[in-house]
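Report on the following structure.
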Amino acid sequence: MIECKEDIITSKATISRLPKYLRYLKQIIDNGEENVSSAKMAEALCLNPIQVRKDLALISPVSGKPKLGFAARELVAALEDFLGCNNVKDALLIGVGGLGSTLLSYGGFKNYGLNIVAAFDIKEELINKKINGIPVFSVNKLNDIVERLNIRMGIITVPSDAAQEIADRMVESGILAIWSFAPTHLKLPDNIAVKYEDLAASLAVLSRELKDAMNHRL
């Protein structure tokens with residue numbers, strides 16, 4: 001079995017690539033493949049083969065075998081262990097609007113160790129309902145639910161003008177990590193981990209790349 005190097009400090013860029021490797025490996029296993037080379041992975045994912053080998057070296061001290069490459073299932077096990085996919089983390093979500101409801105309805109998070117167990121909103125018509133089996137509570141019950149279920153991760157899907165207040169309430173309740181989809185920067189204590197998902201910024205980048213691609217065709 002491949003052993004993970006848990007004592008290595010991994011860059012955010014590297015961590016962002018690891019789930020891509022995991023998805024690809026699971027796909028080839030489903031297709032009946034048992035082994036894969038770093039070069040093949042790099043080609044499939046449009047990455048540099050040297051970068052792939054460096055990334056894999058972080059989670060595995062074992063080199064691929066000549067002509068065979070890496071054992072795909074061992075790499076999957078190593079990646080899941082390194083990323084914490086085997087340690088399910090309960091989370092809550094605040095903001096059951098269009099985006100929030102979509103995230104609640106998505107079942108793929110559990111494949112990466114995330115389990116949304118509760119949602120919160122201020123709208124009376126949403127409270128006490130269930131979305132994909134997940135109960136929706138009043139925001140006023142946040143502290144009680146966090147303490148009772150020992151939740152440490154929160155997801156923000158509220159408008160930008162409400163995001164800071166929600167983040168503050170999360171921190172006060174005991175949340176230690178926040179995944180924010182609100183298009184605004186949050187002021188948080190240094191001990192709180194935060195990851196932003198700026199959909200507008202992603203769209204701007206994609207639009208610019210589309211413009212460049214169209215110019216190249218002229």
Side-chain angles (χ1 to χ4, degrees), residues 1-31 33-66 68-91 103 106-116 152-156 167 175-183 185-186 188-206 208-209 212:
M1 174 64 70
I2 295 174
E3 297 180 357
C4 295
K5 298 181 179 179
E6 297 179 354
D7 57 338
I8 292 179
I9 298 176
T10 312
S11 72
K12 290 182 179 179
T14 297
I15 292 176
S16 69
R17 288 190 292 270
L18 299 184
K20 298 178 183 178
Y21 301 153
L22 185 58
R23 284 195 300 270
Y24 172 74
L25 289 166
K26 287 185 176 181
Q27 287 173 356
I28 67 168
I29 289 173
D30 288 342
N31 292 333
E33 298 182 47
E34 295 295 330
N35 298 283
V36 63
S37 67
S38 57
K40 184 177 180 180
M41 288 181 64
E43 181 180 5
L45 300 173
C46 298
L47 296 171
N48 187 307
I50 296 176
Q51 185 65 68
V52 173
R53 287 194 289 272
K54 287 182 178 179
D55 291 344
L56 295 180
L58 290 174
I59 65 165
S60 168
V62 180
S63 301
K65 297 180 180 179
L68 287 178
F70 294 92
R73 293 183 185 277
E74 289 191 3
L75 273 184
V76 166
L79 281 163
E80 288 182 336
D81 187 45
F82 192 92
L83 293 170
C85 298
N86 297 322
N87 303 316
V88 175
K89 293 171 279 292
D90 289 341
L103 294 180
Y106 177 60
F109 288 133
K110 291 184 179 179
N111 295 330
Y112 298 94
L114 180 65
N115 181 36
I116 302 177
R152 292 295 174 257
M153 182 179 292
I155 303 170
I156 294 178
I175 293 296
L176 297 176
I178 294 175
W179 190 11
S180 178
F181 287 80
H185 183 77
L186 302 172
L188 298 167
D190 292 338
N191 67 315
I192 303 299
V194 60
K195 176 69 173 67
Y196 296 99
E197 296 294 343
D198 193 332
L199 301 183
S202 296
L203 178 58
V205 171
L206 182 61
R208 179 63 198 186
E209 291 179 351
D212 291 342

Quiz prompt | Set of side chain to side chain contact (heavy atoms under 4.5 Å, CB included) partners for N191, sequence neighbours left out | solution = L176, P189

Practice problem: Working to the nearest 0.5 Å, report the span between CD1 of I175 and CD1 of I155. | Solution: 10.0 Å

Quiz prompt | Minimum heavy-atom distance between I15 and P19, given as atom pair plus value | solution = O-CD, 2.9 Å

Exercise. Report the residues that fulfil side-chain hydrogen bond (donor to acceptor under 3.5 Å, both in side chains) with N48, sequence neighbours left out, ordered by chain and then residue number.
Key: none

Self-check item: Pairwise salt bridge (charged side-chain N to carboxylate O under 4.0 Å, His left out) hits with a residue in residues 14-30, at least two apart
Solution: R17-D55, K26-E80

Quiz prompt | Reported CD1-to-CG distance for the pair I178 and L188, which is rounded to 0.5 angstrom | solution = 5.0 Å

Can you list, pair by pair, the side-chain donor-acceptor contacts under 3.5 Å of residues 34-46, counting residues two or more places apart and other chains?
{"unit_1": "E34", "atom_1": "OE1", "unit_2": "R73", "atom_2": "NE", "d": "3.4"}
{"unit_1": "S37", "atom_1": "OG", "unit_2": "K40", "atom_2": "N", "d": "3.0"}
{"unit_1": "K40", "atom_1": "NZ", "unit_2": "E33", "atom_2": "OE1", "d": "2.7"}

Self-check item: Spacing of CZ belonging to R208 relative to CG belonging to L203, to within rounding of 0.5 Å
Solution: 14.0 Å

Practice problem: Supply the atom-to-atom distance F82 CZ to L75 CG, rounded to the nearest 0.5 angstrom. | Solution: 13.0 Å

Quiz item: What's the spacing between L56 CG and F70 CZ if we round to 0.5 Å?
Solution: 5.0 Å

Quiz item: Taking only residues two or more places apart in sequence or in another chain, which ones pass side chain to side chain contact (heavy atoms under 4.5 Å, CB included) with F109?
Solution: L103, Y106, L114, I116, W179

